[in-house]
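Whatever order the structure lists them in is the order used to number ligands and atoms, beginning at 1.
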Amino acid sequence: MDRKTILKKLDRIEDLPTLPVIAMEVNKMLRDYNTSIKELSALIKNDQAMTPRILKLVNSSFYGFKSKIANIDRAIILLGFNTISNAIVSVAIIDALSIKGSSDDFDIKNFWEHSVAVAITSRHLAEKSRLCLPEEAFTGGLLHDIGKIILSHYFPSLFKKVILSADENNITFYEAEKKEIPVTHAQIGAIMAHKWKLPDGLADTIKYHHAVKAGANDINLLMIVHVADFISNYFIHSQDAKIDSALINPEAALALKPQLKTLEDWLPGVREGIASACQFFLEKDM
Ligand SMILES: [Fe+2]
Ligand SMILES: [Fe+2]
């Protein structure tokens, strides 16, 4: 299958996962700086299924509030417009994709664990570097690899080929993709992001997270997710936090130099954050 055929097939798939209306609306609100807290609150309350889940999220150990937050208005005031909006989009996308991810060769749990790790690491990098909004970084990290789910579900033979090649040649999934098939999960993910009308900066972050492109929309978000992906792949499970900057895009390494230098200091805290976020995001009855 050549690149054109794959992209054409992707465009014609009728049962591609869709985002619920509420997530699309929230996306629109995130782009419109005039949206008020009242409007966001009304939108959430309108969605019967979303209200209890957002309340469960804000009351989870993930946010660490001692007293119980009983209603949406209070949740927005305490956590802020951006946090709540991004939580809705994240929860909706996990939902939309979880159903589609089940294939024999694809470990969906592992996939979301990695995505949550990149999300939490990205958020930390954004908080410390102030290069972009922490909650935007969280969403970027959570979604950077979504193309893998689409690839495994709709193109299982290509996916299998990549997995086998990665194993046999002891190379990364991305390197195996470039070697074996005409598209990458990064390109496929970006196509999904455009279909879902996610912001351009988010779509470019997904598209270029392995190969940072100067001039991409929201280059700061892209650099953060790129570095967070690298950290998650090499350091989250290992105690040996010595970094080989040659493996990171030089501009991104420079922009996040203070954070990379102090990796050993902050990594334990981020590891804890990942564990509690996984509990929330990956629970079955989330
Ligand atoms: Fe990736
Ligand atoms: Fe990744």
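Considering Lys179, Glu180, Lys160 as possible partners of Ser165, the one that fulfils the side-chain hydrogen bond (donor to acceptor under 3.5 Å, both in side chains) test is Glu180.
A donor-acceptor pair under 3.5 Å is absent between the side-chain atoms of Asp145 and the main chain of Lys148, judged by distance alone.
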Tell me, with the steps shown, if Lys45 and Asp73 meet salt bridge (Lys or Arg N to Asp or Glu O under 4.0 Å). CA-CA 10 Å; Lys45 284 175 192 161; Asp73 292 317; 2.9 Å; yes

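Protein N/O/S atoms found under 2.8 Å from the Fe ion (ligand 2), listed by chain and residue number: His114 NE2, His144 NE2, Asp145 OD2, Asp229 OD1.
Side-chain N/O atoms of His114 and Asp229 include a donor and acceptor closer than 3.5 Å.
Electrostatic pairing of Glu113 and Lys109 counts as a salt bridge here, judged by a charged N lying under 4.0 Å from a carboxylate O.
Phe155 carries Lys9 over the face of its six-membered ring, with the cationic atom under 6.0 Å from the centre and within 45° of the normal.
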